[in-house]
Student: 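Below you'll find the structure I mean.
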Amino acid sequence: MEAKDNQINYIEFKAKDLQEIKRFYKDSFEWTFVDYGETYIAFSDSGLEGGFEKTENEIINGALVVLYHHDLESIKSKIVELGGEITQDVFSFPGGRRFHFKDPSGNVLAVWSDR
């Protein structure tokens, strides 16, 4: 896909443990990864290309990334099972429902569904 001006093309997160974060997103959402040395991994098959950079610093989330899943209850259970923490339970909004979760490195994301 050709990159276009003024559109999100990539997203980057911090992670304390790259192997743990890779396992979490691979098993939760079936993302694929490419390792770039010991401090960076890129991901794809997420709908948007991105990566995780290893850090020892406190991770403070600056943006809420929202993922889609047709079955909120099943993905919520899988996230918790794999070490994620629900930070805001499922709630309705115009157009659907969503919940927020914290991944094992402290990044806060959301999952929404139109069902």
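Every value quoted in this text rests on a predicted model; they were computed, and no experiment measured them. Values reported hereafter were calculated over all heavy atoms of this structure, with side chains retained and with hydrogens, waters and symmetry mates removed.
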Student: Nearest heavy-atom pair of Ser105 and Lys14: which atoms, and what distance?
Tutor: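 Nearest heavy atoms, Ser105 then Lys14: CB-O, 4.2 Å.
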Student: Atom CD of Glu81 and atom CD1 of Ile75: how far apart are they, to the nearest 0.5 Å?
Tutor: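 Rounded to the nearest 0.5 Å, the CD-CD1 separation comes to 10.5 Å.
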Student: Got more than 12 heavy atoms from elsewhere within 6.0 Å of NZ, Lys54?
Tutor: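 Atom NZ in Lys54 is crowded, with more than 12 foreign heavy atoms closer than 6.0 Å.
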Student: With under 30° as parallel and over 60° as perpendicular, where do the rings of Phe52 and Phe43 fit, or are they tilted in between?
Tutor: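 Tilted.
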Student: What distance separates Thr32 OG1 from Asp45 CG, expressed to the nearest 0.5 Å?
Tutor: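 These two atoms lie 3.5 Å from each other.
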Student: Search all heavy atoms of Asn107 against all heavy atoms of Leu109 and return the closest pair with its distance.
Tutor: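 It is O-CD1, 3.7 Å.
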Student: Leu72 and Arg97: side-chain contact (heavy atoms from CB on, under 4.5 Å), yes or no, with the steps?
Tutor: CA-CA 8 Å; Leu72 286 184; Arg97 302 179 309 132; 3.7 Å; yes
Student: I'd like a table of donor-acceptor pairs (distance under 3.5 Å, sequence neighbours excluded) in which one partner is a side-chain atom from residues 33-42, with atom names and distances.
Tutor:
| residue | atom | partner | partner atom | Å |
| --- | --- | --- | --- | --- |
| Asp35 | OD1 | Lys22 | NZ | 2.9 |
| Asp35 | OD2 | Lys22 | NZ | 3.1 |
| Tyr40 | OH | Tyr10 | OH | 2.8 |
| Tyr40 | OH | Glu12 | OE1 | 2.7 |

Student: Find out whether Phe24 and Ile79 are in side-chain contact, i.e. whether some heavy atom of one side chain is under 4.5 Å from a heavy atom of the other.
Tutor: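 Phe24 vs Ile79: side chains touch.
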Student: Can you find a heavy atom in the side chain of Glu53 that is under 4.5 Å from one in the side chain of Thr55?
Tutor: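 Glu53 does not reach Thr55 side chain to side chain.
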Student: Would you say Val66 and Val111 make side-chain contact, with heavy atoms under 4.5 Å?
Tutor: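 SC-SC contact between Val66 and Val111 ruled out.
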Student: May I have all residue pairs that pass ring-ring contact (aromatic ring centres under 6.0 Å, His included) and include part of residues 80-101, sequence neighbours excluded?
Tutor: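 Those involving residues 80-101 are Phe91-His100.
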Student: Where do Gly83 and Pro104 come nearest, in terms of heavy atoms and distance?
Tutor: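 Nearest pair, atom of Gly83 first, then Pro104: O-CG, 4.0 Å.
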Student: Could you state the interatomic distance from CG (Asp89) to CZ (Arg98), rounded to the nearest 0.5 Å?
Tutor: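 That separation rounds to 13.0 Å.
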Student: Looking at CZ of Phe13 and CG of Asp103, how far apart are the two atoms once the value is rounded to the nearest 0.5 Å?
Tutor: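 Phe13 CZ to Asp103 CG: 7.5 Å, rounded to 0.5 Å.
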Student: For Lys102, I'd like to know if atom NZ has over 12 heavy atoms of other residues, nucleotides or ligands within 6.0 Å.
Tutor: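 Atom NZ in Lys102 is not packed in, count stays at 12 or less.
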Student: Can you tell me how far OG of Ser28 sits from NZ of Lys76, rounded to the nearest 0.5 angstrom?
Tutor: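 Rounded to the nearest 0.5 Å, the NZ-OG separation comes out at 14.5 Å.
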Student: Determine the minimum heavy-atom distance between Val80 and Ile86, stating which atoms define it.
Tutor: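 Closest approach of Val80 to Ile86: CG2-CG1, 3.7 Å.
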Student: Go through the steps to decide whether Ile21 and Gln19 satisfy the test side-chain contact (heavy atoms from CB on, under 4.5 Å), and finish with yes or no.
Tutor: CA-CA 6 Å; Ile21 208 69; Gln19 294 309 308; over 6 Å; no
Student: Taking atom OG of Ser113 and atom OH of Tyr68, what is their separation to the nearest 0.5 Å?
Tutor: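 Nearest 0.5 Å value for the OG-OH distance: 4.0 Å.
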